[in-house]
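The structure presented is a predicted model; accordingly, all values stated were derived computationally and were not measured.
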Amino acid sequence: MSGLAISEAPPANVPLRFLIASVLWGIGAGGWIAWHGNAGLASRWTPATVVLVHLLVLGVIGNAMLGALTQFLPVAARSRLRWAPAVPVLHACFNVGLAVFAFTMTTMATSLWPLAAALLGVPPVGFAGMACHCLWRGAGARWLRGGIGMSMCALAVTAMLGVVALLTLAGRLPFDLAALVDVHASVGTVGAVLVLIAAIGAVTLPMLQGTRSPAPWWLPAWSCVVASGLIAGAWQRARGGGDVLIGTITITTGALAGASLWLQARARLRRNPTLARFWMLGMSALLVAAACLTLPLPPDIERAMLVGTLALAIGFPFVVVGMMLEIVGFLAWIHLRGVVPRGRQIPGVGRLMPEGDKRVVFAAHVVSAVAVLLAMTLHEGHAAAGFAYASAWFATAMALVRCGLRVRRERKTPGSAPA
């Protein structure tokens with residue numbers, strides 16, 4: 001914690017608006033699974049599945065990524081975000097765009113696809129540009145700023161490829177839709193999400209879980225493999241191949257998940273046990289997802305759906321929720337430091353977001369993960385799986401609410417300064 005620039009932290013409402021949106025989209029994703037049943041988990045090409053994927057990747061994971069970065073960039077990477085007043089506008093456009101996309105894809109209202117493309121494409125590109133600018137001018141570790149910068153570049157590329165894919169689906173561009181979607185998904189999940197998790201994990205694993213610090217060269221070397229593999233894979237995929245892209249995803253995801261689990265297993269000073277369980281289960285799901293890309297599967301299970309379920313509905317969300325609970329507790333603590341007079345003791349992060357609340361959330365997400373995986377593989381029980389998934393995110397929301405109530409109770413104690 002001593003290496004954090006806490007004084008540079010933005011107001012709590014800046015990251016919280018993204019994190020709250022992430023939780024709400026998680027509840028919505030559960031409702032979507034229950035409503036659409038087998039159509040949402042049967043094939044990657046059904047409109048219901050396309051919407052579900054974007055609810056998870058953009059609504060849940062995307063909002064959590066952007067919210068975490070508004071806090072992580074100035075505090076841990078020592079790179080203050082410029083043009084901060086634009087962040088609420090980007091947040092609003094991004095989430096409205098996702099809602100418009102879900103509506104237009106479900107109803108096949110092709111006339112609204114350009115609007116959805118603009119609303120979904122511009123905010124990620126704008127945020128990525130702001131982030132790269134502040135990282136370039138930042139003072140944090142170069143390897144950390146480089147990793148986050150690569151993730152932001154991949155985010156911008158992913159957004160632009162998504163716009164092109166939507167316009168191709170509408171018949172306005174003449175590209176191969178299958179190849180375009182494969183590259184779009186690969187750059188987004190590996191280049192943007194996984195690289196960002198690797199960069200943040202290189203700081204938070206030692207700080208919050210007591211693991212050894214990875215060697216400074218590890219993240220740049222791994223990121224270079226990711227970048228070169230994705231570029232070569234995209235080139236080959238555009239020409240009808242796909243082995244390089246699949247190999248890149250399998251090797252880089254397996255390497256990161258395996259390294260993370262190895263560091264956790266050899267942690268010298270174990271801290272935050274529930275966060276460690278979230279991270280361990282999430283990385284284990286990603287490791288299995290990477291293996292399933294190449295291993296033989298039963299004929300009644302679609303490979304893309306199994307990999308997507310393990311990575312997008314289980315692996316990434318587990319990491320996201322575990323870190324979200326820590327971030328919200330940290331935000332609450334920083335907020336109280338600003339409103340409670342000096343000399344009066346304030347509760348620590350562990351009291352504002354206690355382990356008991358985290359354990360309840362973890363148990364709910366474990367149940368939901370099992371339910372969704374069974375529904376996808378057995379092709380039944382989708383209503384129960386959707387209810388379990390929505391309930392897990394509702395439990396997450398309740399943990400955030402209880403943290404807010406503890407902050408409110410502390411602020412009402414006589415002697416607190418006004419907000």
Side-chain angles (χ1 to χ4, degrees), residues 20-64 95 98-109 185 189 278 281-282 284-286 288-289 292 297-322 324 357 359-401:
I20 292 171
S22 174
V23 174
L24 295 178
W25 283 116
I27 297 173
W32 191 268
I33 295 171
W35 179 26
H36 287 275
N38 191 52
L41 295 173
S43 168
R44 63 181 294 203
W45 296 111
T46 64
T49 304
V50 172
V51 172
L52 177 61
V53 166
H54 286 82
L55 293 183
L56 293 170
V57 176
L58 298 180
V60 174
I61 303 168
N63 271 297
N95 286 282
L98 179 54
V100 172
F101 174 81
F103 171 77
T104 57
M105 186 59 63
T106 304
T107 60
M108 299 305 290
T189 54
F278 267 114
L281 201 152
S284 298
L286 292 176
V288 175
C292 288
L297 298 176
D300 60 333
I301 296 179
E302 185 178 344
R303 188 180 305 275
M305 292 305 301
L306 177 60
V307 172
T309 300
L310 287 168
L312 304 182
I314 300 174
F316 287 136
F318 263 82
V319 175
V320 162
V321 174
M324 181 187 299
D357 285 6
R359 285 193 292 268
V360 170
V361 176
F362 177 76
H365 278 276
V366 169
V367 172
S368 75
V370 173
V372 170
L373 194 57
L374 288 176
M376 193 282 303
T377 54
L378 300 178
H379 308 291
E380 60 183 25
H382 297 86
F387 177 77
Y389 204 79
S391 298
W393 284 99
F394 182 77
T396 307
M398 290 300 98
L400 304 191
V401 169

Where is the tightest heavy-atom contact between [X] and [Y], given as atom of each residue plus distance?
{"X": "His379", "Y": "His382", "result": "C-CE1, 3.4 Å"}
{"X": "Ala395", "Y": "Ala364", "result": "CB-CB, 4.1 Å"}
{"X": "Phe318", "Y": "Phe278", "result": "O-CD2, 3.4 Å"}
{"X": "Ala399", "Y": "Val361", "result": "CB-CG2, 3.8 Å"}
{"X": "Ala42", "Y": "Met305", "result": "O-CG, 3.7 Å"}

(Q) According to side-chain contact (heavy atoms from CB on, under 4.5 Å), who are the partners of Ala304, at least two apart in sequence or on a separate chain? (A) Arg44, Glu302

Q: Could you please spell out the steps behind the side-chain contact (heavy atoms from CB on, under 4.5 Å) verdict for Val57 and Phe316?
A: CA-CA 9 Å; Val57 176; Phe316 287 136; over 6 Å; no

Determine yes or no for a side-chain-to-main-chain donor-acceptor pair under 3.5 angstrom, with [X] supplying the side chain and [Y] the backbone.
{"X": "Thr309", "Y": "Ile314", "value": "no"}
{"X": "Tyr389", "Y": "Ala313", "value": "yes"}
{"X": "Ser22", "Y": "Asn63", "value": "no"}
{"X": "His54", "Y": "Val50", "value": "yes"}

Q. Would a 4.5 Å heavy-atom cut-off, applied to side chains only, mark Leu310 and Cys292 as touching?
A. yes

Q.
Would you say that Val23 contacts Met324 through its side chain, given a criterion of any heavy-atom pair below 4.5 Å between the two side chains?
A. yes

Q. Could you walk me through whether Asn95 and Trp25 pass the side-chain contact (heavy atoms from CB on, under 4.5 Å) check?
A. CA-CA 9 Å; Asn95 286 282; Trp25 283 116; 2.7 Å; yes

What distance separates [X] [atom1] from [Y] [atom2], expressed to the nearest 0.5 Å?
{"X": "Leu373", "Y": "Ser368", "atom1": "CG", "atom2": "OG", "answer": "11.0 Å"}
{"X": "Ile33", "Y": "Asn38", "atom1": "CD1", "atom2": "CG", "answer": "12.0 Å"}
{"X": "Leu286", "Y": "Leu312", "atom1": "CG", "atom2": "CG", "answer": "9.0 Å"}
{"X": "Trp45", "Y": "Thr49", "atom1": "CH2", "atom2": "OG1", "answer": "11.0 Å"}
{"X": "Ile27", "Y": "Trp393", "atom1": "CD1", "atom2": "CH2", "answer": "9.0 Å"}
{"X": "Leu55", "Y": "Phe101", "atom1": "CG", "atom2": "CZ", "answer": "9.0 Å"}

Q) Do Ser43 and Thr46 meet the criterion of a side-chain donor-acceptor pair at a distance under 3.5 Å? A) no

**Q.** Distance-only side-chain donor-acceptor flag, Thr396 / His365, under 3.5 Å
**A.** yes

Q. Who passes ring-ring contact (aromatic ring centres under 6.0 Å, His included) against Trp35, sequence neighbours left out?
A. Trp32

